[in-house]
Peer 1: 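Quick one: the structure is below, and I'll ask about it shortly.
A, B, ... follow the sequence lines: proteins, then strands. Residue 1 opens every chain. The figures that follow rest on heavy atoms only: side chains count, while hydrogens, waters and symmetry mates do not.
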Amino acid sequence: MSSSFLPLSEEMFQARSVSVDLNNDASLLIDIPDALCERDKVKFTVHTKTTLGTFQKPEFSVSRQHEDFIWLHDTLVETEEYAGLIIPPAPPKPDFESPREKMHKLGEGEASMTKEEYAKMKQELEAEYLAVFKKTVQVHEIFLQRLSSHPVFSKDRNFQIFLEYDQDLSVRRKNAKEMFGGFFKNMVKTADEVLISGTKEVDEFFDQEKTFLLDYFSKIKDATSKAEKMTRSHKNVADDYIHVSATLNSLSAEDSTPLKHLEKLADLFEKLRKVEGRVASDQELKLTELLRYYMRDIQAAKDLLYRRARALADYENANKALDKARLKSKDVAQAQQHQQQCLQKFDTLSESGKKELTSFKGRRVLAFRKNLIEMAELEIKHAKSNMALLQGCVELLKSN
Amino acid sequence: MAASSERSPPPFPEGDEQEPEAEPEDGDSDEGEDIFIGNTKPVEIKPSAMAREPRSEVTAKGQGDIISDPLGELFPNVVEEPSGALVSEPPTDIFSEEESVVTDSKANIDPSTISKANGVHSDEEQDLFSEATVELSLDSPRNERKKIENTRPPVAAPTVSVPPSTSKVASKTLEELEEEEEEDKFELNISITNPEKVGDGMNAYMAYQLSTQTTLPMFRSKSFTVRRRFSDFLGLYEKLSEKHSQNGYIVPPPPEKSILGMTKVKVGKEDSSSAEFVERRRAALERYLQRVVSHPSLLQDPDVREFLERDELPRAVSTQTLSGAGFLKMINRATDAVSKMTIKMNESDIWFEEKLQEVELEEQQLRKLHIVVDTLVSHRKELSVNTGVFAKSVAMLGSSEDNTALSRALSQLAEVEDKMEQLHQDQANNDFFVFAELLADYIRLLGAVRGCFDQRMKAWQRWQDAQTMLQRKRENEAKLLWANKPEKLQQAKDEIAEWESKVTQYDTDFERISATVRKEVLRFEKEKTRDFKKQIIKYLESLQHSQQQLIKYWEAFLPEAKAIA
């Protein structure tokens, strides 16, 4: 796939909201109307419409790569003021590995299939490719929309640069210090995971949240991987229907004796596999993707807890330092000031953290509700189509 | 399904009762004459006697066992005549009314017809077959068969001298015949149930309960049960194959042996795979036997009857793979294969060549389809397993969810996915037992069909060889005449006579086998079409059922999801 134009569609709107309540504020509307796939790189067209005076123009578009999104995310993470906020999880890297591998295997097995069969398999794979593509666009778009609909993030300077700067951002990105800093931070973080579990929590709210999030995260991570396996199997079954249909077709074509009804059966399987394919992909989108997204979101919430825990640790250290200073009667004022700063930081963090976590809960429940309802409705819809197809074929066969 | 109907439907409503009674007599060598006794009963059927003729004509073509060998069984005292009898009026009439349904009208032969037939010699029988090769060429039988099945027009063929009223009656009775065919399905029902392990260790085996329900008088009672083991079925096949395949009959092949499968059972592994193996075998044995009993000629075979009825069967040791008999079989099969390669037949009837090609092609395609369906089965099983695993994971997630409504919805979701696991498993079983096994059965059956054609080739070869030998003997005689050795001349003349008769015999055999093969193949194709259609409908209906269940489950879940707050 060298390049493809991806138009905005109703489906995209529907498919878009794994998260909810986004892009409602007319003062800053962001979307990704199309994207280009050049070899391995995906180039997103980020389109902004705004009434805010902070921007130079009311409407504009820029081209961004995945790495630019990561840069934006990292700068937000490293911004001290945002320590008390849940930073929307960074969109995962576009992964075309799976369809690419399958395309490769298909090429190898081409000789063993009929032309029609090969064409259908190729069609399926191209659809899969497109689905991966759509999903990655969606996930990048949601990231930006989370930022634009957040009262604090929407005002972030780097965010504005991201939206507006009409040149390549790679210069900014390649700031080695920032990169190294980020890496270091990650290392420290893992060590501090232990810190979270180890710190004694006084505040009941945060204590509950900590327990809940730690437990929930491992469960949702497990559920995500199991869901992935399940939807993959489903896809396999749908693909098998293609082969059944193709083989039935060759059987009925070459068989002059009255196994003519095999032709109808081949037709049926072809139609069935389209439905099954949709079932698999809808399941993927509504269920697997939902779990995947919230797994990342919960990780982001955990990060918030970690930052608060670190602030608490800093405060406790500052306390100890103050005590020591008082003991030594040296630099007391300085130590006191530091201690006050830490306390203040911790309090602000706790306060905003509490707000964030509460709204996160609500957001999560709403998103689950929406997606589970949609999935159930789609399952029913597809099953009904399947039934109609089967009914039609059975009647046809019986009447002959 | 092999529980088909071409067994021996009574042709006429009135004739219903007569038919079964006549049959045992047919099969019993002592009571050959009873055929005629039996026929005196339906004097009241006289009005339709005329109609019966076309019927018998129809069946003559459609019923191999009447025209060929089992004649010996049916009318032992009436050598070769019945075929002529069945021909009744001009032999061509048979072919004017194409076979659509089979009847065992042997018993329903009008006494008057038979008396006429009594004068018929084997010559007429031979004419029958020459007519056969003419009329049954290429498309005509099939087309006309279709015609009859679809539109039931009054049968009219160029050579027919059957009065129009008869043909109308004939068409009508064709329908009745079809109905009676349906009823006839219940003349003999067999089922194989209750697999039980007998014994322990490596000598253990599975014994199956074989139950028969029948109204056929040739059996001692109306319903009876015996116990059989797998090797018994193989033994039955060996016997039937030995007797009938060389005459061009398609003897249904038994299910395959499976050392791995049986070892698991013997060793006592009580897991789902060995249970599945036993069920698979049970179903395959049932289908095998149903095919055997639905073959009109094979049903008449005393070995089949014994198999169904006799309490204790002698152990069929020759079916063991590693026995002396087993090795012998392997060697024979190898020799056969080699000789088959060297036979180049001058095909006088292109029907056989084309048909064989069709059969081979179809077998290939079915093999491909079978592989594909097998893949589907394993993928669906995988889906089932993964769904179950996912269900448990969602249940865990639900239990750690702190929002009560969402927690409940998630555990409901887990329940739905649990049910889906079972649904997928059931569907995979359906894929396998209804679809894949159907294909496997027919792959084996097509192999048997090919075997038929091989037998015909062998018969041809035998005939050719005899002709060559005859030629040599004649040359020998000529040489002796020239060399003037009168003592040896007589011997040469004897030998010539011997080989002349052999040539005639083998020629007859070849024609007979050709006709049988042809009939068998046509019958087989009909059965196959019916079988496939039935099984495919069954398969699709089960897919439908799955989807219905699916809808139920998700519709039950929907309000739970909507209740999340």
Peer 1: Return the set of residues passing salt bridge (charged side-chain N to carboxylate O under 4.0 Å, His left out) with Glu555(B) (not counting sequence neighbours), or none when no residue passes.
Peer 2: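 Only Lys384(A) meet the salt bridge (charged side-chain N to carboxylate O under 4.0 Å, His left out) criterion with Glu555(B).
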
Peer 1: As a test of understanding, state which of Lys235(A), Arg232(A), Arg292(A) forms a salt bridge (Lys or Arg N to Asp or Glu O under 4.0 Å) with Glu284(A).
Peer 2: Arg292(A)

Peer 1: Does a side-chain N-to-carboxylate-O contact under 4.0 Å join Asp282(A) and Arg278(A)?
Peer 2: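 A salt bridge links Asp282(A) with Arg278(A).
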
Peer 1: Charged N to carboxylate O under 4.0 angstrom, Arg408(B) versus Glu560(B)?
Peer 2: yes

Peer 1: With a 4.5 angstrom heavy-atom cut-off, could you sort out which part of Leu376(B) is near chain A: side chain, backbone, both or neither?
Peer 2: both

Peer 1: Can we say Arg273(A) and Glu270(A) salt-bridge, meaning some charged N sits less than 4.0 Å from an Asp/Glu carboxylate O?
Peer 2: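 A salt bridge links Arg273(A) with Glu270(A).
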
Peer 1: Of the listed residues (Val389(B), Val385(B), Val416(B)), which shares the most heavy-atom pairs with chain A below a 4.5 Å separation?
Peer 2: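 Highest number of heavy-atom pairs under 4.5 Å: Val389(B).
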
Peer 1: Using side chain to side chain contact (heavy atoms under 4.5 Å, CB included) as the criterion, point out the one residue from Val449(B), Val517(B), Leu446(B) that pairs with Ile250(B).
Peer 2: Val449(B)

Peer 1: At a heavy-atom separation under 4.5 Å, does Phe212(A) approach chain B through its side chain, its backbone, both, or neither?
Peer 2: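 Only the side chain of Phe212(A) comes within 4.5 Å of chain B.
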
Peer 1: Among Val394(B), Leu410(B), Ile537(B), Asp402(B), which residue has the highest count of heavy-atom pairs closer than 4.5 Å to chain A?
Peer 2: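 Highest number of heavy-atom pairs under 4.5 Å: Asp402(B).
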
Peer 1: Describe, in one word, how the ring planes of Phe368(A) and Tyr294(A) are oriented to each other, choosing from parallel (under 30°), tilted (30 to 60°) and perpendicular (over 60°).
Peer 2: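 Tilted, since the angle between the ring planes falls between 30° and 60°.
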
Peer 1: Given heavy-atom pairs under 4.5 angstrom as the criterion, report whether the side chain, backbone, both or neither of Phe269(A) touches chain B.
Peer 2: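 The side chain, not the backbone.
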
Peer 1: Relative to chain B, which of Arg369(A), His243(A), Lys226(A) shows the most heavy atom pairs under 4.5 Å?
Peer 2: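 Of the options given, most contacts go to Arg369(A).
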
Peer 1: Could you check which of Val237(A), Leu272(A), Leu287(A) has the highest count of heavy-atom pairs closer than 4.5 Å to chain B?
Peer 2: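 Most pairs with chain B among the choices: Val237(A).
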
Peer 1: If you count heavy-atom pairs within less than 4.5 Å of chain B, which of Leu372(A), Leu248(A), Ile373(A), Asp215(A) leads?
Peer 2: Ile373(A)

Peer 1: Using a 4.5 angstrom heavy-atom cutoff, name the option from Glu417(B), Glu401(B), His424(B), Lys552(B) with the most pairs to chain A.
Peer 2: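 Maximum pair count with chain A is reached by Glu401(B).
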
Peer 1: Which of parallel (below 30°), tilted (30 to 60°) and perpendicular (above 60°) describes Phe352(B) and Phe453(B)?
Peer 2: perpendicular

Peer 1: Among Asp222(A), Leu268(A), Leu389(A), which residue has the highest count of heavy-atom pairs closer than 4.5 Å to chain B?
Peer 2: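 When all of Asp222(A), Leu268(A), Leu389(A) are compared, Asp222(A) has the most.
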
Peer 1: Find the one option among Leu550(B), Val373(B), Val372(B) whose heavy-atom pairs under 4.5 Å with chain A are most numerous.
Peer 2: Val372(B)

Peer 1: If you round to the nearest 0.5 Å, how far is OG1 of Thr288(A) from CD of Gln283(A)?
Peer 2: 6.5 Å

Peer 1: Please classify the contact of Tyr553(B) with chain A as side chain, backbone, both or neither, using a heavy-atom distance under 4.5 Å.
Peer 2: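 When you check distances to chain A, no heavy atom of Tyr553(B) falls under 4.5 Å.
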
Peer 1: Identify which part of Leu406(B) has an atom lying under 4.5 Å from any heavy atom of chain A, answering side chain, backbone, both or neither.
Peer 2: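 When you check distances to chain A, only side chain atoms of Leu406(B) fall under 4.5 Å.
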
